[in-house]
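Down below is the structure, laid out as structure tokens.
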Amino acid sequence: MRRFGITKAVIQLILFIFTLAVLIPLFNILAMSLSDPARVNELSGLGVIPKGFSLINYEIIMSNPFIVKSIFNSVFITIVGTCLNLFLTAITAYVLARTEFVGKRLVLVVLIAIMVFEPSMITEYLLMKDLHLLDSYAAVIFYKAINVYYLFILMRFFQEVPNSILEAAKIDGAGHFRIFTRIMLPLSKPALATLALFYGVYHWNEYFRATIYLSDPNKWPLQVVLRQFVVTQDNTTLLKGVEGMTPELLAALDFGSLQSATIVVAVIPMLLLYPLILKYFTKGTMDGGVKE
Amino acid sequence: MRRGGSLKRIRKDWILYLMLLPGMLYFVIFHIIPIVNMKLAFQDYRIIGENIWVGWKHFEQLFSSPAFKDVLLNTVIISTMKIIFIFPVPILVSLLVNELRFGPFRKYVQSVSYLPHFLSWVVIAGIWITLLDPLDGGVNVIRNFFQLPSLDYMTSKEHIRWVLVYSEMWRSAGWDSILYLAAILKINPSLYEAARIDGATTLQQMRYITLPALMSTVVTLFILNLGFFMSAGFDQVFNLMNDSVLSVIDILDTYVYRIGILNGQYSYATAASLFKGVIGLILILGTHFLSKRLTGKGVW
């Protein structure tokens, strides 16, 4: 009986350490960004409480017109992209899940083939070039306008809507488009919310297609700008266009802390949505049996 | 159904085809056309005019290039390390989480462990570069505490592959346990009751009830993982890479990016992509049919 209790305690301890390993690096970044730049050197690599308190890092990145622009770009791409994703995914899922038509089998086979064979990034890039979509948001948004995995999740959800409701609408003379907009969509609000989160997270975090398709830095989303600071250590851009930058202020700054503040800004929208994500994502993933 | 009948049905269902049109246009333009265009691997790219067919030229060049051999080897090594060291971790996490009673602690563990999955690799790279800082990064703070000298992991050829393994584990161990946890929740609770009455310990219950019940999920996810074998985690490598370690973590996709997008050798890079795609396809179809034969269960 005693051994039993010890096993449980060890399990709890292991999992607790695991969560610390996730949380400490995150809180360390937050503490760095909020520390007084003059005292940030005192902050240990495992420290989670800011040394002193200062919002100077946030003031600086928020007064950098380039960063502010990139936040708006990200918001734009995320909202427009997600709306387009939802519309295309839902209308395609309805036709494939709830109707019979000549050629349906062929469409499904092609979709499964698409899941197992991805085009090369080179031919995708050349296609965007041929379509004159380079340097436009359309390239970034259209690149993944429908995710086939998510399409299948929504199809499964649509298939569960009872047939009797659709039959009743048909008898009342409603056509497919009406059934889709007036019955299917309102009934699927939870599933659509799940997909909106799936797609929204994808767009907010996307950086690679934006890197190769958008060469004008003024069009870059936040993740590309962040990559410029963090991965390529480009500190010039970080301070470009910030007004009232004196040599004294510049000397007092800590670039690591500025980078941390930018990371925090890139993560905040995700943290705000995280409770919703936990509620919908976990359920969506369990139902769909899809890891993505 | 006779041909005339089909035509009549197509005409009657015109609204369905209209509704399907936007989605199908998307798939044809942005998926099927770039796949068909991978024929570029057998052509020389021309900015103006038609591309010229050159047969296997780019593949011959590819296979005789030492750089490509290194890249291929790196891809295989990194993927193998990830399968061996990362694949079992979510299974272990799900077994441990399953032992927790439903309550605040269990909720806390799950909420925290899923979080890194939602961070972009750019953000994770930022966090890990800070964590592994040679001067005051968290990992070196721990090393110094145990009287060990600091290490510069990010620029060390010896360590960088392990950085890939651990950072991927950090990101996905929690989230990837969800599917296993879902499978565990489907196990009949009376099995555990019977085992307890027979005096089975927690560990014995894991070993003889939970683990066997997870096997089919394990097989399915293993096959899906093999499908990504040739990718080896492009986003991760792309963001954690630097010049000092390029030679040990340069993988197929980063190579394609560099020679194709950056250097403009489109045909050659497409040949490398096509090679990667075909191997990936063989792996996923091969394991799928093998699994169907052995266990009667495939991926789809």
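In the text below, chain A, chain B and the rest are named by the order of the sequence lines, each starting its count at 1.
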Looking at [Y], is its backbone amide N or carbonyl O close enough to the side chain of [X] to form a donor-acceptor pair, meaning the two atoms are under 3.5 Å apart?
X	Y	result
A/Thr123	A/Pro119	no
A/Ser257	A/Ser33	no
A/Lys104	A/Val95	no

> Please walk me through it: do A/Tyr150 and A/Tyr199 pass ring-ring contact (aromatic ring centres under 6.0 Å, His included)?
Replying inline: CA-CA 9 Å; A/Tyr150 302 168; A/Tyr199 280 126; 5.1 Å; yes
So which residue, [options], ends up with the most heavy-atom pairs under 4.5 Å with chain A?
options	answer
B/Ile15, B/Leu16, B/Val123, B/Asp136	B/Leu16
B/Leu281, B/Asn239, B/Thr130	B/Asn239
B/Leu100, B/Val36, B/Leu40	B/Leu100
B/Asp13, B/Asn242, B/Val109	B/Val109
B/Gly277, B/Ser273, B/Gly138, B/Gly174	B/Gly138
B/Leu131, B/Leu119, B/Val93, B/Ile32	B/Leu119

So what's closer than 4.5 Å to chain B heavy atoms on [X]: side chain, backbone, both or neither?
X	value
A/Leu131	side chain
A/Phe208	side chain
A/Ile146	both
A/Phe180	side chain
A/Phe18	side chain
A/Met32	side chain
A/Val22	both

>> Could you go through B/Trp175 and B/Phe118, starting from their C-alpha distance and side-chain angles, then the distance that decides it, and tell me whether this counts as ring-ring contact (aromatic ring centres under 6.0 Å, His included)?
In response: CA-CA 9 Å; B/Trp175 181 253; B/Phe118 297 99; 5.2 Å; yes
Under 4.5 Å from a heavy atom of chain A, the part of [X] involved:
X	result
B/Val141	side chain
B/Met206	side chain
B/Asp133	neither
B/Ile33	side chain
B/Tyr26	side chain
B/Ile261	both
B/Thr270	both
B/Tyr257	both

If you count heavy-atom pairs under 4.5 Å between each of [options] and chain B, which one has the most?
options	value
A/Tyr274, A/Tyr125, A/Phe16	A/Tyr274
A/Ile263, A/Leu126, A/Val267	A/Leu126
A/Ile212, A/Ile91, A/Asn41	A/Ile91
A/Gly45, A/Pro275, A/Ala113, A/Gly256	A/Gly45
A/Gly103, A/Gly175, A/Pro25, A/Ala145	A/Ala145

>> Walk me through whether B/Tyr180 and B/Asn98 qualify under side-chain hydrogen bond (donor to acceptor under 3.5 Å, both in side chains).
In response: CA-CA 10 Å; B/Tyr180 295 112; B/Asn98 181 47; over 6 Å; no
Please say whether more than 12 non-hydrogen atoms of neighbouring residues, nucleotides or ligands are located less than 6.0 Å from [atom1] in [X].
X	atom1	value
A/Phe177	CZ	no
B/Tyr166	OH	no
A/Arg98	CZ	yes

>> Please output the residues of residues 222-231 of chain A in contact with chain B, using a heavy-atom cutoff of under 4.5 Å, in numerical order.
In response: A/Gln223, A/Leu226, A/Arg227, A/Val230, A/Val231
> Is a salt bridge present between A/Glu124 and A/Arg209, judged by a nitrogen-to-oxygen distance below 4.0 Å?
Replying inline: yes
Compare every heavy atom of [Y] with every heavy atom of [X], then report the nearest pair and how far apart it is.
X	Y	result
B/Leu240	B/Ser167	CD1-OG, 3.7 Å
A/Leu185	A/Ala90	CD2-CB, 4.0 Å
A/Ala31	A/Gly47	CB-O, 4.2 Å

>> Checking B/Glu99 now: which residues fulfil salt bridge (Lys or Arg N to Asp or Glu O under 4.0 Å) with it, not counting sequence neighbours?
In response: A/Lys8
>> As an exercise, state the distance from CG of B/Leu285 to CZ of A/Phe117, rounded to the nearest 0.5 Å.
In response: 11.0 Å
>> What's the separation between atom CE in A/Met115 and atom CG in A/Leu151, rounded to the nearest 0.5 Å?
In response: 9.5 Å
>> With side-chain hydrogen bond (donor to acceptor under 3.5 Å, both in side chains) as the criterion, how do B/Ser150 and B/Asn144 come out once you've worked through the C-alpha distance, each side chain's angles and the decisive distance to 0.1 Å?
In response: CA-CA 7 Å; B/Ser150 293; B/Asn144 295 343; 3.3 Å; yes
> Do the ring planes of B/Phe234 and B/Phe238 sit parallel (below 30°), tilted (30 to 60°) or perpendicular (above 60°)?
Replying inline: parallel
>> Go through it in stages, so that I can follow the logic: the residues are B/Leu20 and A/Phe101, the test is side-chain contact (heavy atoms from CB on, under 4.5 Å), and I'd like the CA-CA distance, side-chain angles, deciding distance and then a yes or no.
In response: CA-CA 11 Å; B/Leu20 201 57; A/Phe101 59 91; 3.6 Å; yes
